[in-house]
Visitor: 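Take a look at the following structure, please.
Chain naming here is simple, since letters A, B, ... match the order of the sequence lines and numbering starts at 1 in each.
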Amino acid sequence: MNFDYRQLMPETLRLGNGIPLYLFPDPNSELLRIEFIFEAGSCFQRKPIQARACNALLEATLHHSADAMTERFDYYGAYIEKYVDRDQSSLVIYALARYSREIIALCEEIFKEAVFSAAELKLYLEKQRSQFDIAMQKVAEVSRRAFFAQVFGEGHPYGQNIERADYDRLQREDVEAFYREFYVAANAGIVLAGGYNDETVKALSDRFGCGFPVGRAASLPGPSEALPSARSGFVPKAAALQASVRMGKVVMPPTAADFSMFKVLDYLFGGYFGSRIMQNIREEKGYTYGISSYILPLRAHTVWIVASEVKQACSRQVVAEIRNEMRKLCDRKPGKKELDIVRQVYQGDFLREMDGIFEIAEKWKFLRMFGLTDAFYRQFAETLERITPADIQQAAQRYFAADSFHVTVCGDEADRIA
Amino acid sequence: MNIPFEKKVLGNGLKVLVHKDTTTPMAAFNLLYDVGAKDEHPSHTGLAHLLEHLMFGGTRRFPDFDEVIEGAGGENNAFTNNDFTNYYLQMPKDRLELAFEVESDRMRNLVLSPKKVNIQKDVVIEEFKERYLNRPYGDVDLLLRPLCYTRHPYAWATIGKETAHIADMPIAEIKAFYNRYYRPDNAILAVAGPVEAEEVFALSEKWFGGIPSGGVAPRAVTPEPEQTEARRMEVVRDVPYSTLYKVYHIGERMSPDFYVFDLISDLFSNGKSSRFYVELVKKQRLFNELDAYVSADIEPGTFYIRGRLNEGVGYKEAEAALQAQIDTLATQLPSDHELEKIKNKLETALLFSNLKALDKATNLCYFELMGGAGNLSAEMEKYAAVDGRRMQAAVRRYLREENATTLYYTAKS
């Protein structure tokens, strides 16, 4: 595959206070992407919604109201996206490169001079609660929640779910405390990509390299010794026309030697349109509009998941077919032709995923979180090249042991599995 | 924004567009057919989209279409809307010819076996449930369309009016539809990527040149008569929040009005400093979500407002507040600062939507369908030319109750 892996590794500057600034240049672009990443995900929170609310309320400052700040970002044509996952929080700004100076000054203000008002928090929580109410009517959302609670246990930071009453409990002080503890230089990283110039880099270094409390680096979660053993769970939703099925388990992290082997197995099993489960369960049986498997790498544990919304009263058949496809791979090597297709599909997907400086910059967040480099993708490409049908069968025998999977279904009583 | 291209029309009527982009290793191949849900018979709706699914069923030469593309490191998919059906592939540049080979083959040689048809009917019915029936507020489009359109075929959604239309679709009807519309003179092809125009024209000639033109008859769609009185409907559903929808007829996609209304929708609801958000969500606390947007229909389309009511807020109060916002725009010119703001935001969005080779290939086909791919590069200028006076004129002309369809989507409490 013709790909220059070196472009995945950014030039890195250390700002005065230690914040790393990662650079992905594309001098021809009229656009800019700036991402501010903090070790401030929901796994660090002491109260539900704390991490999300804190990230969302980074608008108002000592000198300007939330409305005045959003007005200024909007005026320069910027789009702000906010992400809070279990491990990290980030704020991504997409902007016109010609306004980079103004945008960076605004960013400095929202991070360094943040103020949290009770009124803004109340509005935020009310809006979130209504979105929660709507989400809870979707079978996919209900089964997603139940699945993670099952896999990690409700006491684990990765297994906790927000309950409706949590929207009444969070206080302004909780949000501010989270900000003071986690939005500090020791927890921060900045990724700059697109059509910037030396002046942009200098502006970021000057504004973020000092005047930001250094703070204490968050103590990052490690793998838990004991996770709940695999079981089946069912959440009833009367008269649901479709049931949401989730199946999966904790697997090895991306840093493990056998990760790349498992990733190929995942591709062949459910990672593309021609995959085993898509062909069987959609294209041959018509049980669903779509079914796929994927790997979700979290810092402490990586999870492998199969997910689908299926015809009412068919979840048992679908689960049986998923197991059946696993068993088939344990019993019989895939053909060389099928494996060759997987190789090609992966390479094509990879090139598309890395097509453009913003896409490459986005991937950096993942590599950085696991302390990986471009060697991760090089090594994967090597595995992909030399992997044999017998390797796939062995991997299936190792990872697809029948009793090790959690199964979660949300749907009508006709779909009850447990 | 400038998206240069070269164009050639083959002898059989196929239009071919080429955009050179050397920043990517992948070539994007986009083939648009000028057929959509608006070309369906009112009692056999959902056909254009069902056929799109069946187009992946294979030909005698390529029994498994996806496998051929995937085996070459490519990716392909398609979408259907009320106006057209669009197939797209991304291929490593050195395998680009394969895209021509398979797409030209399935333009004429699709195999429609009863078994495959039945399975894809099931798949599409599951899609219907997943997207429209088994999720809160999913059926709104199914309710609003027949209310907004009394004559024009925009009266039904691309997925179809009901699942029974898909289940009962006769195979002969599918075949006839395919034979009628999947013709070179009813299609537009665009290739974008590290390619030369001559090379693409030669490949087009080689693979598509021999397909006879179909002589597709010009479309005779019944125009929607002007709406002269307010239309209203209320439904009660098992959802958590009552929601208000207002839909106004506006001009077609390429008319000057479209650009005016696209900017009005931004002024109303794009971003947290927009008028609706600041005034009605934040200050008056009437809605917990409020959006305005334009449908990008090619034929005269619609301007939508969708507002999710906060608990305890009545429809009358909510509608009056919306009307006050409309009246303000009708009587007071927006400031230069506000206009600059929405145009800056629009510029960012426009640049992002034309960043990738595939986006550019798709957009070139879409604009060619609407009269000329060259118009794509003129988009920013058209938005830039909109001023406050044109906004006022458009608001006064179109955002009137007699031109509106109102849906109360009421939460069963």
Visitor: Is it the backbone or the side chain of A:Tyr99 that comes under 4.5 Å from a heavy atom of chain B, or both, or neither?
Guide: side chain

Visitor: Is the gap between the ring centers of A:Phe380 and A:Tyr346 under 6.0 Å?
Guide: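 Judged by ring-centre distance (under 6.0 Å), A:Phe380 and A:Tyr346 do meet the cut-off.
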
Visitor: If you count heavy-atom pairs under 4.5 Å with chain B, which of A:Tyr75, A:Tyr287, A:Tyr272 comes out on top?
Guide: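 Highest number of heavy-atom pairs under 4.5 Å: A:Tyr75.
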
Visitor: Which region of B:Phe287, side chain (C-beta onward) or backbone (N, CA, C, O), has a non-hydrogen atom less than 4.5 Å from a non-hydrogen atom of chain A, or is it both or neither?
Guide: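 It is neither, since no heavy atom gets under 4.5 Å.
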
Visitor: May I ask you to name which of A:Asp74, A:Thr70, A:Val342 has the most heavy-atom pairs under 4.5 Å with chain B?
Guide: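 Highest number of heavy-atom pairs under 4.5 Å: A:Asp74.
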
Visitor: Could you tell me which of B:His53, B:Lys129, B:Glu130 has the largest number of non-hydrogen atom pairs under 4.5 Å with chain A?
Guide: B:Glu130

Visitor: Of the non-hydrogen atoms in A:Val245 and A:Ser315, which two are nearest, and what is the gap between them?
Guide: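 A:Val245 and A:Ser315 have their closest heavy atoms at CG2-CB, 3.7 Å.
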
Visitor: Using non-hydrogen atoms only, which part of A:Ala68 is less than 4.5 Å away from chain B: side chain, backbone, both, or neither?
Guide: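 Answer is neither: A:Ala68 stays 4.5 Å or more from chain B.
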
Visitor: Hey, are B:Asn354 and B:Asp359 close enough side-chain-wise for a donor-acceptor pair under 3.5 Å?
Guide: no

Visitor: Only pairs at least two apart or in different chains count here, so list each salt bridge (Lys or Arg N to Asp or Glu O under 4.0 Å) that has a residue in residues 267-282 of chain B.
Guide: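 Salt bridge (Lys or Arg N to Asp or Glu O under 4.0 Å) check on residues 267-282 of chain B returns A:Glu59-B:Lys272, A:Asp67-B:Lys282, A:Glu120-B:Lys282, B:Arg275-B:Glu338, B:Glu279-B:Lys283.
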
Visitor: Quick check on B:Val281 against chain A: is it the side chain, the backbone, both or neither that has a heavy atom closer than 4.5 Å?
Guide: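 When you check distances to chain A, atoms from both the backbone and side chain of B:Val281 fall under 4.5 Å.
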
Visitor: Relative to chain B, which segment of A:Asp26 carries a heavy atom at a distance below 4.5 Å: side chain, backbone, both, or neither?
Guide: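 No part of A:Asp26 comes within 4.5 Å of chain B.
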
Visitor: Is the number of heavy atoms from other residues, nucleotides or ligands within 6.0 Å of CD (B:Glu311) greater than 12?
Guide: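 Not buried by this count: 12 neighbours or fewer within 6.0 Å.
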
Visitor: Quick one about A:Tyr289 and B:Glu127 (side-chain donor to acceptor, distance below 3.5 Å, no hydrogens or angles considered), yes or no?
Guide: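 Yes.
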
Visitor: Answer with side chain, backbone, both or neither: which region of B:Ala349 has an atom nearer than 4.5 Å to a non-hydrogen atom of chain A?
Guide: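 The answer is both parts of B:Ala349.
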
Visitor: If you compare all heavy atoms of A:Phe358 against all heavy atoms of A:Ser29, which two are closest, and at what distance to 0.1 Å?
Guide: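 Closest heavy-atom pair between A:Phe358 and A:Ser29: CZ-OG, 4.1 Å.
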
Visitor: Go through B:Asn310, B:Ile69, B:Thr24 and name the one with the most non-hydrogen pairs under 4.5 angstrom from chain A.
Guide: B:Thr24

Visitor: Before you tell me yes or no, could you show the steps for A:Leu32 and A:Leu96 under side-chain contact (heavy atoms from CB on, under 4.5 Å), namely the whole-Å CA-CA distance, both residues' side-chain angles and the distance that decides it to 0.1 Å?
Guide: CA-CA 6 Å; A:Leu32 202 64; A:Leu96 298 166; over 6 Å; no

Visitor: Given a strict heavy-atom distance threshold of 4.5 Å, which part of A:Lys337 is in contact with chain B: side chain, backbone, both, or neither?
Guide: side chain

Visitor: Between A:Glu359 and chain B, which part of the residue has a heavy atom less than 4.5 Å away: side chain, backbone, both or neither?
Guide: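 The side chain, not the backbone.
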
Visitor: If I measure from the heavy atoms of chain A, does B:Asn270 come under 4.5 Å with its side chain, its backbone, both, or neither?
Guide: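 B:Asn270 touches chain A through backbone and side-chain heavy atoms alike.
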
Visitor: Closest approach of A:Lys311 and A:Gly286, non-hydrogen atoms and distance?
Guide: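 Closest approach of A:Lys311 to A:Gly286: CE-O, 3.9 Å.
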
Visitor: Given that the side chain runs from C-beta out, which part of A:Glu126 has a heavy atom under 4.5 Å from chain B: side chain, backbone, both or neither?
Guide: side chain

Visitor: Below 4.5 Å from any heavy atom of chain B, which atoms of A:Arg98 appear? Answer side chain, backbone, both or neither.
Guide: side chain

Visitor: Tell me whether the guanidinium CZ or amine NZ of B:Arg106 lies under 6.0 angstrom from the six-membered ring centre of B:Phe56 and within 45° of its axis.
Guide: yes

Visitor: Give the table of side-chain donor-acceptor pairs shorter than 3.5 Å for residues 88-97 of chain B, with sequence neighbours excluded, one pair per line with atom names and distance.
Guide:
| residue | atom | partner | partner atom | Å |
| --- | --- | --- | --- | --- |
| B:Lys93 | NZ | B:Glu199 | OE2 | 2.7 |
| B:Glu97 | OE2 | B:Lys206 | NZ | 2.6 |
| B:Glu97 | OE2 | B:Trp207 | NE1 | 2.8 |

Visitor: What part of A:Ile134 is in contact with chain B, defined as an atom under 4.5 angstrom from a non-hydrogen atom: side chain, backbone, both or neither?
Guide: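 Backbone plus side chain of A:Ile134, per the 4.5 Å heavy-atom cut-off to chain B.
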
Visitor: Relative to chain A, which of B:Leu358, B:Asp122, B:Thr348 shows the most heavy atom pairs under 4.5 Å?
Guide: B:Thr348

Visitor: Is it the side chain or the backbone of A:Val310 that comes within 4.5 Å of chain B heavy atoms, both, or neither?
Guide: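 It is the backbone, since no side chain atom gets that close.
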
